[in-house]
Amino acid sequence: MKEIAICVGSSCHLQGSEKIVNIFKKLINDYQLEAKIILKGSFCQGNCTESVNISIAGKQISGVTPDNAKEIFNEYLTEGDI
Ligand code: FES
(Lines give C-alpha, C1' and ligand atoms only; values in the text may rest on other atoms or scores of the structure.)
Protein backbone atom coordinates (compact mmCIF):
# COMPACT_ATOMS: atom_id res chain seq x y z
CA MET A 1 0.00 0.00 0.00
CA LYS A 2 1.40 3.38 -0.99
CA GLU A 3 0.27 6.71 0.36
CA ILE A 4 -0.04 9.86 -1.73
CA ALA A 5 -0.32 13.06 0.30
CA ILE A 6 -1.27 16.15 -1.68
CA CYS A 7 -0.58 19.44 0.02
CA VAL A 8 -3.73 21.47 0.54
CA GLY A 9 -1.98 24.26 2.42
CA SER A 10 -2.80 27.79 1.30
CA SER A 11 0.00 28.20 -1.25
CA CYS A 12 -0.56 24.82 -2.90
CA HIS A 13 -4.32 25.36 -2.74
CA LEU A 14 -3.92 28.63 -4.65
CA GLN A 15 -1.77 26.83 -7.21
CA GLY A 16 -4.52 24.28 -7.84
CA SER A 17 -3.94 21.35 -5.51
CA GLU A 18 -7.63 20.48 -5.73
CA LYS A 19 -7.22 19.83 -9.45
CA ILE A 20 -4.31 17.51 -8.68
CA VAL A 21 -6.44 15.64 -6.13
CA ASN A 22 -9.13 15.13 -8.76
CA ILE A 23 -6.65 13.99 -11.42
CA PHE A 24 -5.07 11.48 -9.04
CA LYS A 25 -8.51 10.22 -7.93
CA LYS A 26 -9.41 9.59 -11.55
CA LEU A 27 -6.11 7.85 -12.31
CA ILE A 28 -6.47 5.58 -9.26
CA ASN A 29 -9.95 4.70 -10.47
CA ASP A 30 -8.87 4.22 -14.10
CA TYR A 31 -6.02 1.90 -13.10
CA GLN A 32 -8.20 0.17 -10.45
CA LEU A 33 -5.63 0.84 -7.75
CA GLU A 34 -8.06 1.69 -4.95
CA ALA A 35 -6.84 -1.24 -2.84
CA LYS A 36 -3.18 -0.31 -3.28
CA ILE A 37 -3.06 3.46 -2.95
CA ILE A 38 -4.30 5.77 -0.20
CA LEU A 39 -4.90 9.35 -1.33
CA LYS A 40 -5.05 12.06 1.29
CA GLY A 41 -4.57 15.76 1.80
CA SER A 42 -1.78 17.16 3.91
CA PHE A 43 -0.93 20.40 5.62
CA CYS A 44 1.93 22.55 4.29
CA GLN A 45 4.88 20.36 3.30
CA GLY A 46 7.33 23.21 3.83
CA ASN A 47 8.18 23.96 0.21
CA CYS A 48 5.53 26.54 -0.70
CA THR A 49 7.54 28.25 -3.43
CA GLU A 50 7.52 25.02 -5.47
CA SER A 51 3.76 24.39 -5.38
CA VAL A 52 1.99 22.07 -5.84
CA ASN A 53 3.80 19.67 -3.53
CA ILE A 54 2.88 16.06 -3.03
CA SER A 55 4.54 13.12 -1.36
CA ILE A 56 4.41 9.56 -2.58
CA ALA A 57 5.46 6.95 -0.03
CA GLY A 58 7.30 9.71 1.83
CA LYS A 59 9.18 11.05 -1.21
CA GLN A 60 8.42 14.73 -1.81
CA ILE A 61 7.72 15.82 -5.36
CA SER A 62 7.37 19.51 -6.18
CA GLY A 63 5.95 21.47 -9.06
CA VAL A 64 3.06 19.14 -9.78
CA THR A 65 0.67 20.60 -12.34
CA PRO A 66 -2.35 19.25 -14.23
CA ASP A 67 0.00 18.84 -17.21
CA ASN A 68 2.60 16.65 -15.49
CA ALA A 69 0.41 14.89 -12.90
CA LYS A 70 -0.27 11.82 -15.06
CA GLU A 71 3.39 11.45 -15.96
CA ILE A 72 4.36 11.60 -12.27
CA PHE A 73 1.63 9.12 -11.36
CA ASN A 74 2.84 6.69 -14.01
CA GLU A 75 6.46 7.08 -13.00
CA TYR A 76 5.90 6.44 -9.31
CA LEU A 77 2.77 4.36 -9.11
CA THR A 78 2.04 2.14 -12.06
CA GLU A 79 5.45 0.59 -12.56
CA GLY A 80 7.17 -1.84 -10.27
CA ASP A 81 6.03 -2.86 -6.84
CA ILE A 82 3.10 -0.89 -5.51
S1 FES B 1 1.33 25.19 1.20
FE2 FES B 1 2.00 23.40 0.13
S3 FES B 1 4.09 23.27 0.67
FE4 FES B 1 3.39 24.98 1.81
Side-chain angles (χ1 to χ4, degrees):
M1 184 74 89
K2 278 193 177 170
E3 181 180 283
I4 306 173
I6 298 178
C7 181
V8 293
S10 40
S11 177
C12 290
H13 175 72
L14 288 173
Q15 295 297 320
S17 58
E18 198 176 328
K19 280 186 190 156
I20 307 300
V21 170
N22 289 332
I23 290 168
F24 275 50
K25 268 187 193 167
K26 182 175 184 327
L27 289 168
I28 289 167
N29 186 54
D30 288 351
Y31 288 108
Q32 300 181 330
L33 292 171
E34 294 90 341
K36 295 185 173 179
I37 295 174
I38 297 173
L39 183 64
K40 66 178 206 176
S42 81
F43 293 116
C44 177
Q45 297 183 5
N47 195 21
C48 308
T49 55
E50 303 286 332
S51 307
V52 172
N53 288 283
I54 69 172
S55 71
I56 297 178
K59 176 178 173 45
Q60 190 173 46
I61 300 158
S62 300
V64 182
T65 68
D67 290 338
N68 66 16
K70 185 172 184 181
E71 186 183 326
I72 289 167
F73 187 93
N74 285 337
E75 182 177 345
Y76 287 92
L77 294 163
T78 62
E79 292 163 8
D81 177 32
I82 60 166

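What you are looking at is a predicted structure, and each value in this text was computed from that prediction instead of being measured. Both ligands and their constituent atoms are indexed starting at 1 by order of listing.
One distance of note links NZ of Lys36 with CD of Glu34; it measures 11.0 Å at 0.5 Å rounding.
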Cut-off 3.5 Å, no hydrogens considered: what does the side-chain donor-acceptor table look like for residues 5-17, sequence neighbours left out?
unit_1: Ser11; atom_1: OG; unit_2: Cys48; atom_2: O; d: 3.1
unit_1: Ser11; atom_1: OG; unit_2: Ser51; atom_2: OG; d: 3.0
unit_1: Ser17; atom_1: OG; unit_2: Cys7; atom_2: O; d: 3.2
unit_1: Ser17; atom_1: OG; unit_2: Cys12; atom_2: O; d: 3.4

Only pairs under 3.5 Å count here: list side-chain donor-acceptor contacts from residues 52-61, not counting sequence neighbours, and write none if there are none.
unit_1: Asn53; atom_1: OD1; unit_2: Asn47; atom_2: ND2; d: 3.4
unit_1: Asn53; atom_1: OD1; unit_2: Ser62; atom_2: OG; d: 2.6
unit_1: Asn53; atom_1: ND2; unit_2: Asn47; atom_2: O; d: 2.8
unit_1: Gln60; atom_1: NE2; unit_2: Gln45; atom_2: O; d: 3.3
unit_1: Gln60; atom_1: NE2; unit_2: Gln45; atom_2: OE1; d: 3.2

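Between Pro66 and Ile23 the shortest heavy-atom distance is CA-CD1, 3.6 Å.
Counting non-hydrogen atoms of other residues, nucleotides and ligands closer than 6.0 Å to CD of Glu3 gives a total above 12.
Tyr31 pairs by the ring pair (Phe, Tyr, Trp, His ring centres under 6.0 Å) definition with Phe73, not counting sequence neighbours.
With waters neither drawn nor counted, the protein N/O/S atoms under 2.8 Å from atom 4 (Fe) of ligand 1 amount to 2.
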